Each structure stands twice: as C-alpha cells, then as structure tokens.
Number of protein chains: 2
Amino acid sequence: MVANNKDISSFLKTHGLAGTIIRKQVLSHLWGDGVALTQKEIEEKLPPETDRVTLYRTLRLFTEKGIVHKIVLNGETQKFKIAGRFRKSDHAHFYCTKCHKLLCMPQLDVDLSDLPEGFQFSSARLVVEGICDTCSQKNQTQTQ
Amino acid sequence: MVANNKDISSFLKTHGLAGTIIRKQVLSHLWGDGVALTQKEIEEKLPPETDRVTLYRTLRLFTEKGIVHKIVLNGETQKFKIAGRFRKSDHAHFYCTKCHKLLCMPQLDVDLSDLPEGFQFSSARLVVEGICDTCSQKNQTQTQ
DNA sequence: AAAGCACTTGCAACACGGTTGCATTTTAAT
DNA sequence: ATTAAAATGCAACCGTGTTGCAAGTGCTTT
Ligand SMILES: [Mn+2]
Ligand SMILES: [Mn+2]
Ligand SMILES: [Zn+2]
Ligand SMILES: [Zn+2]
C-alpha cells in the first residue's frame, strides 16, 4: 500500500470506474514509478480469500480502459504496470534484473541502419534488460 | 513435405535422435528457409490421429537439443523454426507479415546511444516486424 | 438516511494447453 | 531375429483463462 486511499479513489472516479475494494487494493500495489507485477505476484499480495476470477476481470478492465499496460517480458512472463502518461504501451521498456522495475523508455529503438536492402520496417516490440541507474549506483558504492 | 526422407533421416541421426515417424513428419513441415510454425499450425498439418502429447514432446525435445528454436512473436504466439547455423536463438529475427516467414537477422540490434546515463545494457529479445525483400518486390511489380 | 438500479462480485463450471505416469509399441544395435 | 532402450498412446491431472448467473455492493437520487 504505497498511495493513500483518497488518491486511488479519485483516480478510479476520474476514469469512470466504481471504487470497489479489490480495485483499490490492486491499484495500491501497482502504485509507484517503475512498479510492474505479474498477475500471480498481485494475487499473492492480496488477501488470500480474494477470488481469482475477480482479479482477472479487474486486470482485464484496467487494461481495456488503458489504465494499466500489459507488457510481455520474455514470452513467459507478462507484467502489469500503471500506464502513466503514455496512452499505448507500444514504446520500449527497460527491465532492471536487480530491482525488477520496469521503466518506459520511448527514446529507445532498433538500429535500422543494418536492415538489409528491400526489407521494410513496420514495428518492433522492445524490452531491454539490464541494470537501472539506481541499482548501478548502489553496486558501485558497495564495491568501493 | 519439402525435403526428402533421406535428408531428414540423416539429419535426425546426426543429432543422435531416433528416426521415428512423427519426428520426420514434423521436421518435413519445418524444412525450408524462413519457415516458422505455431504448434497448432504443425498439428493441423499432421495426420488427424496424431497424439497431441507426442507432438508436444517432440517439439520439446527438438528445442532442448537446439534443433529448433522457439521464438516469441508478440507475447501471444510463439513459433518453431529450424535452428540452422545458429546455436542459440538469442539474436534478432525479422517477421514478414505478408508471407509469415521468420528470418534470422543477427546483425540487427537496439540503438544504445539513447540509453540514459547510469543504465547498463544486458540483453534484448528482438523481433522486428515488416515486409521482407521478396514480398516488397512482388508488391512493387503488381502496382506498376 | 433510505431506496433503487446498475454494476460488481463470488461461485460453479467449462475450455484448453501443458504435463506426467505407465503400459505398450517401435527403433536401433547385436 | 533377438533384445534392450527409447518412443508412443492413453488416461488423467493441473493451472489459467473464460463464461453465466445469482447474490451483493457502490453510487445516485430522493
Ligand atoms: Mn510504458
Ligand atoms: Mn534464428
Ligand atoms: Zn534496478
Ligand atoms: Zn515476406
């Protein structure tokens, strides 16, 4: 629970959604910059009596409304993340393998100069893995 | 059935695998440059009485042995493709949305010049979508 | 504050692909 | 042809996605 209830309630109202218990709970866990969670990870943070269908429907609703983005990490795992200022999730992301934050990086793209003659570029889903600035910093401080 | 049985049988022998019916059938459908198929697509090309578990185990075996690569297209669909000269599938691929061929493009990569200060790059699974050279050619000829 | 209605939830149930154990069949080596 | 090892077919189980519907809740209006 990172954000206070007032924030989350008004957030839901802004997006024309009823402020139900589970919706507030889910949002509270996704609140914060770079926070991205698996459906299972969210499920584990919720009270154990939570119905899995309701969680499923909640995440589907959020995704449809564009409130959260569903981002594929590596084919197996997909993470949910509050959309923030971006309408669509069609931009690149950076996934930190240390702190597991997922950060939007719309400036990143594929180097098309190496695309062979005759090939036409259309799109590329892009998730870059590595270590974020904060974690690099920490690591440097420790090893010094 | 693109390749002849001799080729496929020796291919299996080379990789230390028994030349069973279903293995030959699966390989024959994956034979050819750029051919990449979904498990379901393969299943539909096989005789209808084929057991789905056996197909599953066949593809898992091929993947484990490195004979075929399992490549995630867009989070939902993953395609199987004969590995060819590459040991691992950790290089970029180009997916043609017209002819649905999947081509290895190890020369493609992410433009890292835009990676912000302090971020360390580690890896990026990369599938570029677009139109391949052959399909571009055809399209040009038609519209002329 | 209470009522009414639309929306949401909880539950049971089904779909479907992955996965396993095991008895039977097939392959490859002798 | 014999034989041992490997592969297959089948039944069955699991987890996740998905739906229908009855019961419950949130929100607006009075
Ligand atoms: Mn984003
Ligand atoms: Mn490849
Ligand atoms: Zn980090
Ligand atoms: Zn093409």
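Residue numbering restarts at 1 for every chain, and letters A, B, ... go by the order of the sequence lines. Note that this is a predicted model, so its numbers are computed, not measured.
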(message) Tell me which residues in residues 59-74 of chain A lie within less than 4.0 Å of DNA chain C, going by non-hydrogen atoms.
(response)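 By residue number: none to list.
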
Just the rounded figure in Å: distance from [atom2] of [N] to [atom1] of [X].
| X | N | atom1 | atom2 | result |
| --- | --- | --- | --- | --- |
| A/Ile42 | D/dG17 | CD1 | P | 11 Å |
| A/Gln39 | D/dG15 | CD | C1' | 12 Å |
| A/Asp51 | D/dT19 | CG | P | 15 Å |
| A/Glu41 | D/dT16 | CD | P | 13 Å |
| B/Arg52 | D/dA7 | CZ | C1' | 18 Å |
| B/Lys24 | D/dT8 | NZ | P | 11 Å |

Is the closest side-chain heavy-atom distance between [X] and [Y] below 4.5 Å?
| X | Y | result |
| --- | --- | --- |
| A/Gln25 | A/Pro47 | yes |
| A/Tyr95 | A/Ile71 | no |
| B/Phe119 | A/Val128 | no |
| B/Leu108 | A/Asp111 | no |

(request) Check whether any side-chain N or O of A/Thr77 sits under 3.5 Å from a backbone N or O of A/Leu73 as a donor-acceptor pair, and report yes or no. (result)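 Checked: no pair found.
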
(request) Please confirm whether the backbone N or O of B/Val127 pairs with a side-chain atom of A/Arg125, one donor and one acceptor, at under 3.5 Å? (result)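 A pair under 3.5 Å: no.
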
(request) Measure from the ring center of A/His69 to the ring center of A/Phe80 and say whether it is less than 6.0 Å. (result)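 Here the rings of A/Phe80 and A/His69 have centres that are no less than 6.0 Å from each other.
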
(message) Whether the A/Ser122 and B/Glu129 side chains hold a donor-acceptor pair (N or O, under 3.5 Å, no angle test) is what I'd like checked.
(response)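 Per modelled atom types, A/Ser122 and B/Glu129 side chains form no pair under 3.5 Å.
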
(request) At the 4.0 Å heavy-atom cut-off to chain A, mark where contacts on DNA chain C begin and end, going 5' to 3'. (result)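 Under 4.0 Å from chain A, the extent on DNA chain C is C/dT8 to C/dA13.
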
(message) Can you tell me if B/Ile21 has over 12 outside heavy atoms packed within less than 6.0 Å of its CD1?
(response)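 Counting other residues, nucleotides and ligands, CD1 of B/Ile21 stays at 12 neighbours or fewer.
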
(request) Evaluate side-chain contact (heavy atoms from CB on, under 4.5 Å) for B/Leu12 paired with B/Arg23, printing each intermediate quantity in order. (result) CA-CA 8 Å; B/Leu12 282 168; B/Arg23 289 177 184 173; 4.0 Å; yes

(message) So if I define the base as every atom that isn't primed, P, OP1 or OP2, how would nucleotides 20-30 of chain D read as a B/S/- string at a heavy-atom cutoff under 4.0 Å?
(response) B-----SS---

(request) Please lay out, stage by stage, how A/Phe121 and A/Leu115 fare under the test side-chain contact (heavy atoms from CB on, under 4.5 Å). (result) CA-CA 8 Å; A/Phe121 173 86; A/Leu115 196 66; 4.0 Å; yes

(message) Here's a test of your reading of the structure: between B/Gly16 and B/Glu49, which maps to the more 5' nucleotide of DNA chain D?
(response)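 Its nearest nucleotide lies further toward 5', so the answer is B/Gly16.
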
